[in-house]
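A short write-up of the structure that comes next.
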2 protein chains.
Amino acid sequence: MTDVARNRRPGPRLEEVARAAGVSRSTVSRVINEEPYVSAKARDAVHQAIGALGYSPNQAARTLAGNRANCIALVVSEQGSRVLSDPFFAGVLRGVHAELAGRRVQLVLMMTQQDDEQDLVGYLAGGHVDGVLMVSLHGQDPLPLKLSEAGVPIVVGGRPLVGDGIRYVDSDNFNGALEAARYLVSTGRRRIASIAGPRDMAVGMDRLNGWRRGMAEAGLATDLVVHADFTPDDGAAAMADLLAREPDLDAVFVAADIMALGALRVLHNKGRRIPDDVAVVGFDDLMIASTALPPLTTVRQDVEQLGRTMTWCLLGQLAGEEGLPPSLLLPTSLVIRSSA
Amino acid sequence: MTDVARNRRPGPRLEEVARAAGVSRSTVSRVINEEPYVSAKARDAVHQAIGALGYSPNQAARTLAGNRANCIALVVSEQGSRVLSDPFFAGVLRGVHAELAGRRVQLVLMMTQQDDEQDLVGYLAGGHVDGVLMVSLHGQDPLPLKLSEAGVPIVVGGRPLVGDGIRYVDSDNFNGALEAARYLVSTGRRRIASIAGPRDMAVGMDRLNGWRRGMAEAGLATDLVVHADFTPDDGAAAMADLLAREPDLDAVFVAADIMALGALRVLHNKGRRIPDDVAVVGFDDLMIASTALPPLTTVRQDVEQLGRTMTWCLLGQLAGEEGLPPSLLLPTSLVIRSSA
DNA sequence: CTGAAAGCGCTTACAG
DNA sequence: CTGAAAGCGCTTACAG
């Protein structure tokens, strides 16, 4: 602390750019913020000065003066802290980042804990961020609604189960599951089970309903359903359960690849040939789907695109754009491999 | 823009806290920053006022006035944009976040692109962040060295191959691989191969060298080595290669679970029983290790702890703590399942 | 232990 | 299209 200069942020200031370009600070600011009503001559001079000096604006000062945070938060509602290793989250993050590239918007990552939710709402509503992207694996999460009520612009990844007006982007889980069901029917399967996701998650219910619709179209029964968590072990337990109830089932639609992994193991251990005896279709198209034994037929969702679209929606909202869709569903596609 | 009040950050200011507590702004600031030389009476009054008003300080103003960013960057050097879905990255991120909890330090996520590296160095060295955590999967990456030379405090996750003075935290890959090798030897294996990682990554070389040392200890040959990328397909190709060269190999140490997945598939397809004919040991202990067929014996590294430790190192450095270790290796442990 | 005052580096009406 | 000036909300020597 003896050397004050060392504590000072290095680099030129807007002031110096103005001097070098022969204009006022106001004009430099306008150029930087790409405002209209700047002469081409002034603009060029400023750009050149910025380049020559290597100027980069102080974000804190911009935020303080502009009453804009230049920052959005990605909030992950953490269930047992396993979210981050989820490929879904990773894909969304990748998409968010890609969409933000080149914009002067920073991404701050926040995770909710059970106890600090009120703090988090206070923080996010307190102007530290301009808007919020949220990935909530748990549909009942009250946080999106609270933030929305607090006036924070928010876009949720995955349909929330509570809060009607909340903008979200999701994969079209219903139609993805419907397509999977139709495919199984088209290949001659008749006794088709489903390992569904949790009841408190929209993704679980939407995929279940899509499968149900497909069964109904074909006049097939929908009694063979077991709900399970999105883990291999739960998928395995569910598969064992289904086989005990109906040894003659000839297909199973598993609402997530990660559960399908467990289901494949159980089918293999019980001596069922895949797909000869039992056809298996998963959902998500994780990397592990293609390396499973046998390679898994599955419904592909593009989670990176989901992240990009969420970000696009939020930025549009922040820019005051008109006519943005309230919510969006992204198409899925069936990837046929060996398991069905 | 007609309603100016709407554009103003909501909530009370430090000024109001000072008034409510009956002290000056300076004193409130000191309390907030936990500085010494504040009377207990003043401290209590301030805390009470903060609570009553629901005050939360404006980070931008703190940053601007304090010449401190209150923010660290997590930089991910992106190779083909597949990094984010890597469980390694996810675990590190979780650890970083956990270690940051409760501190008034924000985490900004940045990804390097090929073309903007100079911009990134400029940005990170420009005082926008106080320090940098970096996860570079590619050991030759010049970025850590450049940042270090630019005076940016940095801690790297995973040993960098260039830049001697750079502080890093890594798992003890050498000893983990050594333990794996010793275990295979102890179970009577004699013709032991290894699928090694890429040569340009420290993690690849360290695990290879650990295995070599274990072989040397037992007087066994180290000729059966194939280098491969950390993907299931590359692991599969490497396994096929090894079997072609030495049909009688009785064990293989695979330097990453994700490659082991492919190796298991090839061994299975070629009719080798695991572990009866060929024992397989992986590295990492990913979730997929326990659900592989058969469940994979592997060397566990605690990547979340890696993230926590990186963060701890960086924060200590920023706080000017003395006697911090230059770099750290975290212990690994062998997890014995069915494959070996 | 405490307060008055300067200053961090921008943006933004306002007046021209 | 442009500039002078006020102000964003804090921190930090400085003086006491």
Side-chain angles (χ1 to χ4, degrees), chain A residues 1-19 21-46 49-50 53 55-71 104 126-128 130, chain B residues 1-19 21-46 49-50 53 55-71 104 126-128 130:
Chain A
M1 300 293 174
T2 46
D3 182 5
V4 172
R6 204 199 312 195
N7 273 359
R8 193 143 172 284
R9 199 172 163 270
R13 303 290 175 271
L14 185 139
E15 175 81 51
E16 283 124 74
V17 175
R19 213 156 31 212
V23 299
S24 71
R25 282 154 52 204
S26 310
T27 297
V28 177
S29 177
R30 289 187 191 105
V31 172
I32 288 171
N33 293 296
E34 296 176 355
E35 282 172 23
Y37 303 125
V38 180
S39 66
K41 188 168 159 246
R43 196 190 321 276
D44 291 347
V46 168
I50 288 176
L53 295 171
Y55 172 71
S56 126
N58 182 319
Q59 293 302 327
R62 300 185 75 203
T63 297
L64 183 57
N67 268 318
R68 217 179 313 113
N70 302 306
C71 177
R104 287 199 206 79
H128 295 105
D130 298 317
Chain B
M1 304 294 169
T2 47
D3 183 5
V4 172
R6 206 197 312 196
N7 274 359
R8 192 140 172 288
R9 199 171 163 270
R13 302 290 176 272
L14 184 140
E15 175 81 51
E16 283 125 72
V17 175
R19 213 155 34 213
V23 299
S24 71
R25 283 156 50 205
S26 309
T27 297
V28 177
S29 177
R30 290 190 189 102
V31 172
I32 289 172
N33 292 295
E34 297 176 354
E35 282 172 23
Y37 303 126
V38 181
S39 67
K41 188 167 160 243
R43 197 192 318 277
D44 290 348
V46 169
I50 288 176
L53 295 171
Y55 172 72
S56 123
N58 182 319
Q59 293 303 328
R62 300 186 77 204
T63 298
L64 183 57
N67 268 317
R68 216 179 314 110
N70 301 307
C71 176
R104 287 200 206 79
H128 295 104
D130 298 317

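- Each of D:dT11, D:dG3, D:dT12 was ranked by its minimum atom distance to the side chain of B:A65; first place goes to D:dT11.
- Along DNA chain D, the nucleotide nearest to A:K41 and the one nearest to B:A60 differ in position, and the one closer to the 5' end is contacted by A:K41.
- Between the B:T63 side chain and the B:Q59 main chain, a donor and an acceptor come within less than 3.5 Å of each other.
- Taking side-chain N and O atoms only, B:T27 has a distance below 4.0 Å to OP1 or OP2 of C:dG3.
- Taking atom C1' on both C:dG16 and C:dT12, the two are 16 Å apart, rounded to the nearest angstrom.
- Contact check, A:S29 against C:dC10: no side-chain N or O comes under 4.0 Å of OP1 or OP2.
- To the nearest angstrom, C1' of D:dG7 lies 17 Å from CZ of A:R62.
- The side chain of A:R68 places an N or O atom within less than 4.0 Å of a non-bridging phosphate oxygen (OP1 or OP2) of C:dT12.
- A:N33 and A:R62 are linked by a side-chain donor-acceptor pair at a separation below 3.5 angstrom, with hydrogens and angles left out of the test.
- For the pair B:L64 CG and D:dG7 P, the computed distance is 17 Å after rounding to whole Å.
- For D:dA6 and D:dT2, the P atoms lie 23 Å apart once the distance is rounded to whole Å.
- In the set D:dT11, C:dG9, D:dC14, the nucleotide with an atom closest to the side chain of A:A61 is C:dG9.
- Residue B:A42 is classed as a sugar-phosphate contact, given heavy-atom separations below 4.0 Å to backbone atoms only.
- For D:dT12, neither phosphate oxygen OP1 nor OP2 lies less than 4.0 angstrom from any side-chain nitrogen or oxygen of B:S26.
- What separates CZ of A:R25 from P of C:dT11 is a distance of 10 Å, to the nearest Å.
- Of the side-chain N and O atoms in B:N33, one or more sit less than 4.0 angstrom from OP1 or OP2 of D:dT11.
- An OP1 or OP2 oxygen of C:dC10 is reached within less than 4.0 angstrom by no side-chain nitrogen or oxygen of A:T63.
- Nucleotides D:dA13 and D:dG9 have their P atoms positioned 23 Å apart, rounded to a whole Å.
- In this structure, A:Y37 does not reach the D:dG3 phosphate: none of its side-chain N or O atoms is under 4.0 Å from OP1 or OP2.
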